[in-house]
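Take a look at the structure set out below.
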Amino acid sequence: MPQDAIRAALDSALKTMGVEEAEIHLERPRDPDHGDLSTNVALTLARTLKRAPRAIAEELAERVDLDAAGVTAMEIAGPGFLNFRLASGAVASVLAEILAADTDFGRSEKGHDDTGTPRPAMVEFVSANPTGPLHLGHGRQAALGDAIAELLDWAGWAVHREYYYNDAGNQIDRLAASVRVRYLQHFGRDAEMSDDGYQGDYIEEIATAFAAEVGDRYVDDTSDDSLDAMRVFAVRLLRAEQDRDLADFGVHFDEYFLESSLYTDGLVASTVEALKATGHVFEQDGATWLRTTTFGDDKDRVMIRGNGQPTYFLPDVAYHHNKWSRGFRRVINVQGSDHHGTVARVRAGLQALGLPAGYPEYVLHQMVRVERDGVQVKFSKRAGSYTTMRELFEEVGVDVARYFLQMRKPDAQMVFDLDLALDQSDKNPVFKIQYAHARMCSIFAKSDVNPGDTQPGSADLSLLTHDLERELIKALGDFPDALRRALDAESPHVVCDYLGQTAAAANSWYHSGNPSRNPDLAVLVDDAGLRTARLALADAVRIVLRNGLSVLGISAPERMDRAGTSDD
RNA sequence: GCGCCCGUAGCUCAGUUGGAUAGAGCGCAUGCCUCCGGAGCAUGAGGUCGCAGGUUCGAAUCCUGCCGGGCGCACCA
């Protein structure tokens with residue numbers, strides 16, 4: 001990597017100036033006039049050296065060994081930036097790396113431990129209770145969580161995708177009660193849905209299916225057994241529906257964790273004992289409390305209510321402690337921001353048990369609003385008060401839905417623009433990237449070379465000297481760094497931005513070689529050496545776009561089928 | 001009232017952790033185009049970075065206070 005040589009040259013030059021330790025940050029300037037690589041090290045040293053940054057840059061410039069750094073030119077610019085220009089061969093050397101690594105280009109081993117073994121990391125996401133169809137928010141969680149898990153995987157972690165759901169408790173009771181109302185109405189009985197019942201039409205579907213299976217046998221049966229039967233039936237149906245939705249959305253989990261198992265396996269009970277042993281537990285007003293304020297919570301929390309029932313807080317602590325016990329030292333929970341109130345108290349409870357302060361990590365996402373023609377789309381009748389995830393991805397397609405739901409950083413509210421999502425031109429950011437990929441593939445279809453057989457060793461990559469080629473190559477080389485930034489931010493939108501920019505650079509390059517205008521810039525030129533080099537570039541573009549899309553859980557088609565147009 | 005998130009072009013949003021002339025897409029304007037798939041390409045206009053202070057060589061970015069929007073503040077889950 002050219003960066004390493006420059007960094008080493010800068011480092012030894014700095015040592016001659018008496019600077020032993022300096023963080024040398026090299027970045028690719030947005031403006032190509034500022035060179036291929038740039039560093040602001042003179043500016044960052046200004047404070048500690050108590051000298052003008054420009055003066056530091058000048059002295060540094062005199063002491064840098066240009067040959068050792070592998071650069072053809074260096075200049076001081078602006079307030080004290082050092083800009084470096086590389087030989088075209090050095091710029092293009094990354095192509096050989098890309099072609100050699102292929103499907104692994106972008107992977108790193110940051111998640112490995114000292115022995116080179118991937119460390120375990122858990123991403124818990126979606127975690128919807130089986131009380132209704134998955135909605136838009138779950139869709140955002142599914143897209144985000146799956147991509148964050150994939151980013152971890154690419155960084156060398158052993159990733160575990162987990163789905164936690166509440167299969168007991170009040171919400172499920174309300175579900176059963178709601179089904180009972182519709183069940184009674186199904187047989188013409190008087191029954192009224194209570195205010196806290198579930199209003200969506202899907203409850204009626206469940207009741208009808210239940211009636212078809214058991215007949216009217218429970219119409220006059222008000223016992224707990226009849227309610228249990230409805231509960232079990234409804235949960236089974238809704239769980240199956242959620243599984244179908246997620247599978248069709250391309251999201252799969254390694255484990256489904258049942259809240260009820262925390263009770264049956266004794267984890268809630270053992271957590272109570274463990275908490276009591278810490279001395280942070282006290283009795284007040286007939287309830288059992290944990291003094292979470294000791295660990296930064298706003299107020300102390302009730303663990304066990306006056307009626308002897310635990311609050312939701314207790315199984316939550318038990319569950320997350322269990323994640324730790326299973327060996328997961330890194331856990332990322334992806335949830336809606338409406339859950340942010342629970343973060344401080346769960347962490348406080350875990351700290352009381354001796355776990356570190358920031359455990360677990362949370363990615364909280366804001367709401368999604370769907371708009372068509374600039375007007376908010378109303379919710380579906382079937383779900384009652386929200387738009388379902390399935391409605392969305394069936395309308396716009398899974399690839400588009402997944403991309404749009406992760407193209408914004410999670411902590412920003414986002415508008416889902418249906419018009420743009422349904423557009424099938426380069427205006428649509430998803431198609432723009434997929435088209436760029438398909439175009440690269442189409443070049444190979446027209447050549448006598450197969451993708452993957454470009455043999456960079458036989459290509460003279462220094463022939464790629466055009467500005468568009470240099471910029472495109474540099475963009476490709478940024479891919480590993482884009483993945484690093486995305487994981488640091490725990491936000492796939494960084495990858496979306498990166499792919500959009502890289503696809504734009506690829507499209508510019510591709511179109512600049514339009515044979516009718518600039519036959520010299522076409523990939524498939526007569527000059528065999530140049531053709532080989534450009535095919536290597538096209539292949540590298542194909543690889544990077546495909547790898548990036550796979551991180552986002554989006555397909556990379558080799559050809560785009562035209563929809564809704566006739567052949568002419 | 002308290003806490004968390006957000007406020008950047010007409011719209012939707014980036015901004016690589018304090019750096020160069022604040023960027024992209026859409027929309028708008030102008031000009032190209034029978035092509036290695038025109039579902040295209042190029043160029044341009046458009047900004048008091050919510051407001052007011054502060055920190056320093058340097059602030060969209062950090063600090064304080066306001067204004068506006070969202071979400072939370074149960075012995076619900």
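Since the model is a prediction, treat every value here as computed from it, not as a measurement. Values reported hereafter were calculated over all heavy atoms of this structure, with side chains retained and with hydrogens, waters and symmetry mates removed. Proteins come first, then strands; the chains are lettered A, B, ... in the order of their sequence lines, and each starts at number 1.
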Which listed nucleotide ([options]) is nearest to the side chain of [X]?
{"X": "A:His511", "options": "B:U16, B:C36, B:G40", "answer": "B:G40"}
{"X": "A:Lys299", "options": "B:C75, B:A74, B:A20", "answer": "B:A74"}
{"X": "A:Gln171", "options": "B:A77, B:C36, B:G25", "answer": "B:A77"}
{"X": "A:Ile443", "options": "B:C36, B:A20, B:U16", "answer": "B:C36"}
{"X": "A:Gln413", "options": "B:U17, B:A77, B:G69", "answer": "B:G69"}
{"X": "A:Asp411", "options": "B:C6, B:A77, B:C13", "answer": "B:C6"}
{"X": "A:Arg559", "options": "B:G37, B:U16, B:C36", "answer": "B:G37"}
{"X": "A:Val415", "options": "B:U17, B:C71, B:C13", "answer": "B:C13"}
{"X": "A:Arg305", "options": "B:U12, B:U17, B:A77", "answer": "B:A77"}

Syn or anti for B:U17 (syn when the glycosidic angle lies within 90° of 0):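 This nucleotide is in syn.
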For [N] versus [M], give the span between their [atom1] atoms, rounded off to a whole number of Å.
{"N": "B:G3", "M": "B:G65", "atom1": "P", "answer": "9 Å"}
{"N": "B:C75", "M": "B:C71", "atom1": "P", "answer": "22 Å"}
{"N": "B:C51", "M": "B:A60", "atom1": "C1'", "answer": "14 Å"}
{"N": "B:C62", "M": "B:C49", "atom1": "C1'", "answer": "16 Å"}
{"N": "B:G68", "M": "B:U56", "atom1": "P", "answer": "32 Å"}
{"N": "B:G18", "M": "B:C63", "atom1": "P", "answer": "10 Å"}
{"N": "B:A22", "M": "B:A59", "atom1": "P", "answer": "12 Å"}
{"N": "B:U61", "M": "B:G7", "atom1": "C1'", "answer": "14 Å"}

Under-4.0 Å salt bridge between A:Asp467 and A:Arg470: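 Result for this pair is no, no salt bridge flagged.
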Side-chain ion pair, A:Arg484 and A:Asp488, N-O less than 4.0 Å: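 Answer for the salt bridge query: yes.
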Pi-cation contact, A:Tyr163 with A:Arg239 (under 6.0 Å, within 45°):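 Verdict for A:Tyr163: a cation-pi partner in A:Arg239.
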Ring-face cation of A:Arg345 near A:Phe313 (centre distance under 6.0 Å, axis angle within 45°):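 That pair does not qualify as a cation-pi contact.
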Pairing check on [N]: which nucleotide meets the Watson-Crick or G-U wobble criteria with it, both distances under 3.5 Å?
{"N": "B:A24", "answer": "B:U12"}
{"N": "B:U34", "answer": "none"}
{"N": "B:G53", "answer": "B:C63"}
{"N": "B:G58", "answer": "none"}
{"N": "B:G47", "answer": "none"}
{"N": "B:U17", "answer": "none"}
{"N": "B:C71", "answer": "B:G3"}

Roughly, in whole Å, what's the span from [atom1] in [X] to [atom2] in [N]?
{"X": "A:Phe416", "N": "B:G25", "atom1": "CZ", "atom2": "P", "value": "20 Å"}
{"X": "A:Tyr165", "N": "B:A77", "atom1": "OH", "atom2": "P", "value": "19 Å"}
{"X": "A:Tyr498", "N": "B:U16", "atom1": "OH", "atom2": "C1'", "value": "13 Å"}
{"X": "A:His493", "N": "B:C6", "atom1": "NE2", "atom2": "P", "value": "12 Å"}
{"X": "A:Asp467", "N": "B:A42", "atom1": "CG", "atom2": "P", "value": "14 Å"}
{"X": "A:Asp298", "N": "B:G72", "atom1": "CG", "atom2": "P", "value": "16 Å"}
{"X": "A:Leu290", "N": "B:C75", "atom1": "CG", "atom2": "P", "value": "14 Å"}
{"X": "A:Asn428", "N": "B:G40", "atom1": "CG", "atom2": "P", "value": "12 Å"}

Establish, with yes or no, whether the OP1 or OP2 oxygen of [N] is under 4.0 angstrom from a side-chain nitrogen or oxygen of [X].
{"X": "A:Ser508", "N": "B:A42", "value": "yes"}
{"X": "A:Lys409", "N": "B:G15", "value": "yes"}
{"X": "A:Lys446", "N": "B:G37", "value": "yes"}
{"X": "A:Ser442", "N": "B:G37", "value": "yes"}
{"X": "A:Lys427", "N": "B:G27", "value": "yes"}

Pi stacking test for A:Tyr510 and B:C36: under 5.5 Å apart, planes under 30°: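 Yes, the aromatic ring of A:Tyr510 stacks with the base.
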Identify whether any heavy atom of [X] sits under 4.0 Å from a base atom; if not, whether one sits that close to sugar-phosphate; answer base, sugar-phosphate or nothing.
{"X": "A:Met303", "value": "nothing"}
{"X": "A:Arg345", "value": "base"}
{"X": "A:Gln434", "value": "nothing"}
{"X": "A:Asn507", "value": "nothing"}
{"X": "A:Leu43", "value": "base"}
{"X": "A:Asp338", "value": "sugar-phosphate"}

Assess whether one donor atom and one acceptor atom, taken from the side chain of [X] and the base of [N], lie less than 3.5 Å apart.
{"X": "A:His340", "N": "B:G3", "value": "yes"}
{"X": "A:Asn83", "N": "B:A20", "value": "yes"}
{"X": "A:Ser38", "N": "B:A20", "value": "yes"}

Any side-chain heavy-atom pair from [X] and [Y] closer than 4.5 angstrom?
{"X": "A:Leu49", "Y": "A:Val19", "result": "yes"}
{"X": "A:Cys496", "Y": "A:Leu552", "result": "yes"}
{"X": "A:Phe404", "Y": "A:Asn428", "result": "yes"}

Side chains of A:His320 and A:Asn333, donor plus acceptor under 3.5 Å: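 There is such a pair (donor and acceptor under 3.5 Å, judged by atom type) between the side chains of A:His320 and A:Asn333.
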Whichever of A:Met407 and A:Asp488 has its nearest RNA chain B nucleotide further upstream toward 5':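 Mapping each residue to its closest nucleotide by heavy atoms, the 5'-most match is A:Met407.
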Residue closer to the 5' end of RNA chain B, A:Val523 versus A:Leu420 (nearest nucleotide):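 That would be A:Leu420.
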Heavy-atom neighbours of A:Glu59 CD exceed 12 at 6.0 Å: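 Above 12, so yes.
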Over all atoms of both residues, closest heavy-atom pair of A:Ala128 and A:His138: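 Minimum heavy-atom contact is CB-NE2, 3.4 Å.
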